[in-house]
Every structure is written in structure tokens, then in C-alpha cells.
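Here the structure comes first, spelled out in C-alpha cells, and everything after it is commentary.
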Amino acid sequence: AQTVTQSQPEMSVQEAETVTLSCTYDTSESDYYLFWYKQPPSRQMILVIRQEAYKQQNATENRFSVNFQKAAKSFSLKISDSQLGDAAMYFCAYRSARSGSEKLVFGKGTKLTVNP
Amino acid sequence: DGGITQSPKYLFRKEGQNVTLSCEQNLNHDAMYWYRQDPGQGLRLIYYSQIVNDFQKGDIAEGYSVSREKKESFPLTVTSAQKNPTAFYLCASSWAASSYEQYFGPGTRLTVT
């Protein structure tokens with residue numbers, strides 16, 4: 001079974017600075033998808049970024065980018081120019097590309113605090 | 001506006017009572033999911049459905065039941081057999097292919113006393 005590990009329960013960053021959140025996963029599959037979700041205090045889960053395992057290029061969405069290291073099974077999220085609105089829980093998630101295995105497997109999350 | 005609605009936002013029940021949480025989506029998604037979130041934990045899958053009139057157990061299905069009579073709706077019933085039902089429940093939906101991300105509703109906080 002696949003597992004996702006987020007080793008940093010809490011992180012903090014100064015406004016306008018850069019922070020990196022770590023995520024590692026365990027799988028025997030070669031084709032899969034990885035996601036970062038944000039959960040602000042409202043508790044609505046919001047997709048931040050996604051990465052297809054077959055793509056070597058790291059995904060980028062505005063101030064958010066990932067460092068995907070397939071051999072190391074690592075998928076970190078970098079937030080540049082941090083803003084107060086980035087404060088939230090961040091969850092890393094794995095989804096198999098195998099048909100019939102559409103469920104997301106989540107890590108336990110990292111709570112990000114942004115200090116003004 | 002397209003999206004996923006869950007109602008109510010907060011729900012209180014007495015122990016021993018069944019309770020049904022609603023989830024409706026107008027995104028024309030084929031697949032729908034129910035997750036449970038506990039403090040300090042990630043989300044855990046309860047049930048999912050890829051097509052109407054079909055659903056599969058997730059990792060923690062015991063004490064829960066679902067139905068999928070319409071594409072838009074996937075209600076979750078928390079039965080009295082669920083030993084620790086107090087939690088935050090999130091519904092999600094996606095197109096069936098695994099590459100598509102899941103979109104989440106706003107969640108329902110269930111408290112059982």
C-alpha cells in the first residue's frame with residue numbers, strides 16, 4: 001500500500017520570504033500523480049499544484065513550485081514571496097494512475113504560519 | 001456556479017442515532033468520495049463511487065453506509081455502529097480518470113454526544 005509522509009508538523013516563514021515543505025512517499029508503481037492541497041482555517045481543501053510522475057519537469061503555479069525527485073520519492077513544495085493568506089495546513093497526496101485506484105492517499109499535513 | 005455543496009456545516013447528534021450527511025455536485029463529475037478528517041491526521045477514505053448505483057469501501061468503511069442513486073448526489077450515513085463518529089467529513093468529486101484532481105466540498109463537522 002502506498003504511504004505519504006510529511007515530516008514537518010509545523011513550519012513558519014516571514015512574509016515575503018520563501019519556505020519549502022517536505023513530502024516523501026512510498027510506492028512500487030511507476031505511474032502516478034502527486035498533489036499539494038491547502039486547507040485554510042475555513043477547512044475547504046484547495047488544490048495548489050499537481051505533478052504527473054511521467055513528467056520530468058517540475059510543476060509551477062505562480063508562487064508555488066515543486067521539486068519532484070522520482071528516484072528519491074520526494075515531492076517538496078516551495079512557496080515564494082510568502083503572503084499572510086498562505087497560512088494554512090498543507091497536505092501532500094498521492095494518487096495511483098492504475099484504473100480502479102482513484103483514491104487519494106494523504107500525508108498528515110504541515111501547518112504553515114506566516115509571520116508579518 | 002459549479003461546485004460541491006455539503007449540508008449542514010455543523011451537525012449535532014445523540015449517541016445511538018443514525019445521521020445522514022448530504023453531498024451534491026453540479027460539476028458533472030463521475031466519481032465521488034467521502035473522507036474523514038481527525039485532528040492531527042490527514043484525510044482517510046470512507047467510501048467512493050465511480051458510477052451511479054455502484055460504490056466501493058475505502059480504508060475506514062465500518063460503521064458507515066452510502067448510496068449513489070443519482071450522479072449528482074452521494075449521501076453518507078453515519079450509523080450507530082461507528083464507534084467514534086465525531087469528526088470533520090469532506091466530500092469530493094472528480095472525473096473518473098485517475099489523472100484528474102479531486103475537488104472538495106466545504107465539509108460537515110459532526111459532533112456526537
Side-chain angles (χ1 to χ4, degrees), chain A residues 1-10 21 23-25 27 29-55 59 61 64 66 88-111, chain B residues 1 3-11 23 25 27 29-51 54-61 66 74 87-110:
Chain A
Q2 295 85 13
T3 58
V4 176
T5 302
Q6 293 179 249
S7 59
Q8 307 151 317
E10 295 189 28
L21 309 184
C23 173
T24 58
Y25 57 94
T27 184
E29 297 177 332
S30 59
D31 198 12
Y32 49 86
Y33 303 89
L34 296 165
F35 305 88
W36 277 98
Y37 280 88
K38 169 184 176 180
Q39 188 179 41
S42 67
R43 304 199 75 174
Q44 172 93 46
M45 294 286 282
I46 302 164
L47 178 69
V48 175
I49 199 165
R50 81 173 205 184
Q51 174 80 43
E52 293 85 348
Y54 62 84
K55 288 187 178 178
E61 287 287 341
F64 299 88
V66 298
M89 285 290 292
Y90 285 82
F91 292 94
C92 179
Y94 170 101
R95 186 173 183 179
S96 171
R98 185 162 47 91
S99 178
S101 299
E102 286 82 5
K103 74 171 187 179
L104 285 170
V105 177
F106 285 86
K108 293 187 177 182
T110 297
K111 182 179 181 181
Chain B
D1 275 340
I4 303 171
T5 56
Q6 291 184 246
S7 61
K9 191 168 179 64
Y10 299 95
L11 193 52
C23 177
Q25 56 99 0
L27 299 167
H29 285 167
D30 299 300
M32 297 186 75
Y33 312 81
W34 274 105
Y35 292 91
R36 171 183 171 136
Q37 185 178 26
D38 294 286
Q41 300 290 322
L43 279 65
R44 292 182 291 168
L45 182 67
I46 304 171
Y47 266 99
Y48 66 102
S49 168
Q50 294 175 288
I51 56 172
D54 188 43
F55 47 83
Q56 287 79 39
K57 292 181 180 179
D59 300 319
I60 54 165
V66 293
F74 191 42
F88 187 64
Y89 291 87
L90 284 155
C91 178
S93 69
S94 72
W95 282 281
S98 61
S99 62
Y100 292 109
E101 54 266 27
Q102 294 178 13
Y103 295 85
F104 285 81
T108 292
R109 170 66 182 179
L110 173 64

Discussion item. Report which part of A:Gln39 has an atom under 4.5 Å of a heavy atom belonging to chain B: side chain, backbone, both, or neither.
Written reply: side chain
Response to the item:
When the 4.5 angstrom heavy-atom criterion is applied to A:Tyr32 and chain B, the contacting part is neither
Worksheet item: Is chain A contacted by the side chain of B:Leu43, its backbone, both, or neither, given a heavy-atom distance below 4.5 Å?
Response: both
Worksheet item: How long is the span from the OH atom in B:Tyr103 to the CE atom in A:Met45, to the nearest 0.5 Å?
Response: 14.0 Å
Worksheet entry | Geometric cation-pi criterion B:Arg44 and A:Phe106, 6.0 Å radius, 45° cone | no
Worksheet entry | side-chain contact (heavy atoms from CB on, under 4.5 Å) between B:Gln37 and A:Arg43, intermediate numbers included | CA-CA 10 Å; B:Gln37 185 178 26; A:Arg43 304 199 75 174; 3.3 Å; yes
Worksheet item: Which pair of heavy atoms, one from A:Ser42 and one from B:Lys9, lies closest together, and at what distance?
Response: O-NZ, 4.0 Å
Worksheet item: Which atom pair, heavy atoms only, marks the closest approach of B:Glu101 to A:Phe35?
Response: CB-CE2, 3.6 Å
Worksheet item: Between B:Gln102, B:Gln41, B:Gln56, which residue shows the highest count of heavy-atom pairs closer than 4.5 Å to chain A?
Response: B:Gln102
Worksheet item: Under the side-chain contact (heavy atoms from CB on, under 4.5 Å) criterion, do B:Asp59 and A:Lys103 qualify, and how do the steps go?
Response: CA-CA 10 Å; B:Asp59 300 319; A:Lys103 74 171 187 179; 2.8 Å; yes
Discussion item. Strictly distance-based, threshold 3.5 Å: is any side-chain N or O of A:Gln44 a donor or acceptor partner for the main-chain N or O of B:Phe104?
Written reply: yes
